[in-house]
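This structure is a prediction, so every number in the text was calculated from the model and none was measured. Below, chain A is the first sequence line, B the second, and so on; all start at residue 1.
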There are 4 protein chains.
Amino acid sequence: GEPLCVMAGLNVLESEELAMTVGHHLKAVCEKLGLPYAFKASFDKANRSSISSYRGPGMEEGLKILAKVKAELGVPIVTDYHEIEQAVPVAAIADIVQVPAFLCRQTDLVVAGAQAVEEAGGWLHVKKAQFLAPWDVKNIITKVGEVTKNNPTILCERGASFGYNNLVVDMLGIPAMKALGVPVTIDATHAVQLPGADPRTAGGSTGGRREGVPIIAKSAVAAGADGVFLEFHTDPDKALCDGPSCLPLDAAEGLLTDLKAIHEIVNR
Amino acid sequence: GEPLCVMAGLNVLESEELAMTVGHHLKAVCEKLGLPYAFKASFDKANRSSISSYRGPGMEEGLKILAKVKAELGVPIVTDYHEIEQAVPVAAIADIVQVPAFLCRQTDLVVAGAQAVEEAGGWLHVKKAQFLAPWDVKNIITKVGEVTKNNPTILCERGASFGYNNLVVDMLGIPAMKALGVPVTIDATHAVQLPGADPRTAGGSTGGRREGVPIIAKSAVAAGADGVFLEFHTDPDKALCDGPSCLPLDAAEGLLTDLKAIHEIVNR
Amino acid sequence: GEPLCVMAGLNVLESEELAMTVGHHLKAVCEKLGLPYAFKASFDKANRSSISSYRGPGMEEGLKILAKVKAELGVPIVTDYHEIEQAVPVAAIADIVQVPAFLCRQTDLVVAGAQAVEEAGGWLHVKKAQFLAPWDVKNIITKVGEVTKNNPTILCERGASFGYNNLVVDMLGIPAMKALGVPVTIDATHAVQLPGADPRTAGGSTGGRREGVPIIAKSAVAAGADGVFLEFHTDPDKALCDGPSCLPLDAAEGLLTDLKAIHEIVNR
Amino acid sequence: GEPLCVMAGLNVLESEELAMTVGHHLKAVCEKLGLPYAFKASFDKANRSSISSYRGPGMEEGLKILAKVKAELGVPIVTDYHEIEQAVPVAAIADIVQVPAFLCRQTDLVVAGAQAVEEAGGWLHVKKAQFLAPWDVKNIITKVGEVTKNNPTILCERGASFGYNNLVVDMLGIPAMKALGVPVTIDATHAVQLPGADPRTAGGSTGGRREGVPIIAKSAVAAGADGVFLEFHTDPDKALCDGPSCLPLDAAEGLLTDLKAIHEIVNR
């Protein structure tokens, strides 16, 4: 069978140096383990809950950094776009163009991404929205299929709404999405986030979920996920965005070693 | 206290004639009952589950029809926008500019709408996403507040994700949102939709929910909603979009009479 | 149409004196409003989350107090049973014998209650479990119907599980249960409870939900509920059980006045 | 580390012969793999949704069969009890006495089971109710701890309510329950059940979930489960109870081989 794919890197671009450090380390770990690797980082977090949150360097500056990472490390790039106009420039750099979960039902945006990917080569990585069932993504695949020759969709599970301010990953959704005929990845980093701002916890509720990332990653690979999406930082507690669900860089090798072994068991 | 506000009309614009018929009737009913009325219709359904769904006449043609309704009937207009560039032209016609639920966390889109509304006068009607808790919308109000003098936000409840392919309206969310200091409306039409495409029911599951619209509307007004959002059609079963949750036009007077009476009881 | 039925009283029996005080006041309010009234109190809270919680006087002592309330005030009694052996003695005193929500799927317990009620006269008040859909209660009605001549079931909505440590009342469930051919009540008191013990809030999360009781009651009556179930105390903050969702006795008249008015509107 | 524990057998006792066949095969597979094995079967399904469902041979006859299985195969026995009076006789035969999920909050029942287990030796296997959060089971452990010297609780995850007629297994709940200091098992068979009776699917919705059992089992072991609970049948489609979520006996070896391998990876 195919080896486990690894999309990993930063939540959001903070500096070129950090991107290089993280990408270099993750590439080395994946090479050692024989796992295909793509570097992930966002240039804009367009859907922050608060207006004062750090959003990233923006598209122009961000794509420059990503192009340098691609050139220097020789790895494919994963990044997301948020507006129709961004599809073409993003697909010019990124090999895996990502549709954010909240936007995966915006027909024009998805179609623009699909067309840009078709033109440039590469894949469209669609995060399943928190409000969608696994089978609901079939319509998204159909939309992409209507404007591309070989449907380049990869689906990504990142949790479903479960009451207020919580997500749950339904592991039965992974084979349900694979049954649609496309590869499926698990975004273990976002799946452990506690969305929104629960006033009962005064915003302090996100601590401690970082330990959930390996749990979700291992479970989802055991359930049949073809790839894993993970965010790291050299100093997670100082990450400018989503630090509480971010893994330290030195956790990568141990986790990916386990994931590779589980993937081999369930695919033997 | 204030009378119950009524935002009502069509799901999506189908023709100028239909818009006039529906708007004329609803205006007459509301005048009779002494309820403030605004005509609602969308010009583009940008987030359909299927690529082949009817989407509407588009912005240019749609705003022309809405302008005619506004001029001829002398009523305020409610319509939604989906892209940053649409905010200014939409606010030029619409008195109540609506942020779609799936997009309510897109900071740039919300800010663009708030600025356009501030410039043109009017209100920003924000549908609470299915993946947000009532208290999570506080951050949206804050975003709008940062770019406007008198925060023009109206919040709209339209249901929260409840397992797969179902929504639930948590009536406790209505006072929770009112406590944030803004008016709250209930979109009883979308709250009864069964989202997505449950394969177990082969898409036939949406039938019969139409009877839920008055239930949700009456309950939410009893819970303290300041306004109600309802979609009608002269022939719901032939509506080009979301017919199964659409009310027949002749149901308007009976329902609004009950809603007015309940609103008076809970506000006396 | 029928007037709104009121089942109201104490969460758990604390003393004969308190039971008399609460029952006397509620009876007077309901007489004034022309609403049928039954006194409710439990003699044992058999399913407390903590072993150290107050559980009540037990069946023997509890039924004595309830018999005195019945004799002195001349009102029907509502109370719950938890074991098969309790069905007959409870039905000897209580006019409305209640099946607790967690136990409503225990066939032998439900059948024992139905048979005892059939023998003694009266009704079986079945709380819909938090894990059941409205349509799932059909099987319970069928079970009762198999051992009684005129099915004496009354269904009670008290919220459904909504993520962890939260409940939601789906107002569409009320007409769905009425469609099964039995009366439906709303337990607004238990519907606002935050079940379990969320460690993120260190148990302090239940404060403030008391204000939700009138919201749920008014919404559910607007949705078509035939009766309302409410718990009161002369001093809610000192109640031995579930004080945070308990209403002060002097709130009864205002709330029941509103509920009566809403009930009349939706049934006219 | 400890090897993965296997509790496996029949949903409900149908005949002594079937129990022996199933127990014999599973014992042989577990011996081959070096996994500790206990035979599971219920003698009464006391909480069926329908009154006409097969319930089993009852306690007296059922315990006789279980005693024979224990004697002949030399394996520990797992079975559940539903009433206080059953605790002592059940604990006399069963090494692992099981509290059904719906009943896990009934204090007297749990305490009776704990005392019977303390007397007879063995373990109390508590299924976490569908309406409880992982952290909520702490109170159950405390209740057991108050009447036993060495707390004999084993917690079992079998899914949480997720909207209507569906369950979801939150894999993050497994480490959350392990953090309470007790072993945790996964009941993969019941976790894939579609509870209740969705009228939209006319009861036909349970088909196909059988394939979910290995998914949930593998995921949960990857998430850290200490044991697995599985139900088999020689002819699942003819099983008298819950056939659609039952595995064929010849699937045992392949699945348990994978589970053992995953368990070793995550515990190395």
Side-chain angles (χ1 to χ4, degrees), chain A residues 44-53 55 82-85 100-111 114 129-147 159-168 170 172-173 176 179-180 194-200, chain B residues 44-53 55 82-85 100-111 114 129-147 159-168 170 172-173 176 179-180 195-200 203:
Chain A
D44 185 11
K45 309 296 289 183
N47 59 7
R48 295 294 85 190
S49 54
S50 166
I51 203 168
S52 57
S53 304
R55 285 183 51 169
H82 320 276
E83 295 173 34
I84 292 165
E85 293 75 24
F102 292 158
L103 301 179
C104 76
R105 278 280 298 273
Q106 303 307 117
T107 301
D108 294 343
L109 188 83
V110 169
V111 165
Q130 296 86 332
F131 49 83
L132 288 184
W135 37 84
D136 291 338
V137 292
K138 188 181 178 184
N139 287 320
I140 301 174
I141 299 174
T142 303
K143 288 177 188 177
V144 176
E146 299 215 356
V147 297
S161 288
F162 182 57
Y164 291 142
N165 303 294
N166 202 184
L167 298 171
V168 70
D170 177 6
L172 297 174
L180 301 173
L194 297 169
D198 190 339
R200 299 178 298 170
Chain B
D44 185 12
K45 308 297 289 183
N47 59 6
R48 295 294 84 189
S49 54
S50 165
I51 203 167
S52 58
S53 304
R55 286 184 49 170
H82 320 276
E83 294 173 35
I84 293 165
E85 294 74 24
F102 292 158
L103 301 179
C104 76
R105 279 279 297 273
Q106 304 306 118
T107 301
D108 294 343
L109 188 82
V110 169
V111 165
Q130 296 86 332
F131 50 83
L132 288 184
W135 38 83
D136 291 337
V137 292
K138 189 181 177 183
N139 287 320
I140 301 173
I141 299 174
T142 303
K143 288 177 189 178
V144 175
E146 299 216 357
V147 296
S161 288
F162 182 57
Y164 292 142
N165 303 293
N166 202 183
L167 297 172
V168 70
D170 177 5
L172 297 174
L180 301 174
D198 190 338
R200 298 178 298 170

Taking all atoms of both residues into account, what is the closest heavy-atom pair of T107(B) and R48(A), and its distance? OG1-O, 3.6 Å

What option among Q130(A), E83(A), R55(A) has the most heavy-atom pairs under 4.5 Å with chain B? R55(A)

Would you say K45(A) has more than 12 foreign heavy atoms packed within less than 6.0 Å of its NZ? yes

Part of [X] within contact of chain A (heavy atom distance under 4.5 Å):
X       : answer
E146(B) : side chain
V111(B) : side chain
I84(B)  : side chain

Region of L167(A) that comes under 4.5 Å of a non-hydrogen atom in chain B: neither

Considering only heavy atoms and a distance below 4.5 Å, find which of A133(B), A160(B), A129(B) pairs most often with chain A. A133(B)

Have Y164(A) and D136(B) got a donor and an acceptor in their side chains that come within less than 3.5 Å? no

Find out whether [X] and [Y] are in side-chain contact, i.e. whether some heavy atom of one side chain is under 4.5 Å from a heavy atom of the other.
X       : Y       : result
D108(A) : H82(B)  : no
L103(B) : L103(A) : yes
F131(B) : F131(A) : yes

Can you tell me how far CZ of F102(B) sits from SG of C104(A), rounded to the nearest 0.5 angstrom? 8.0 Å

Distance check, rounded to the nearest 0.5 Å: N139(B) atom CG versus S52(A) atom OG? 8.5 Å

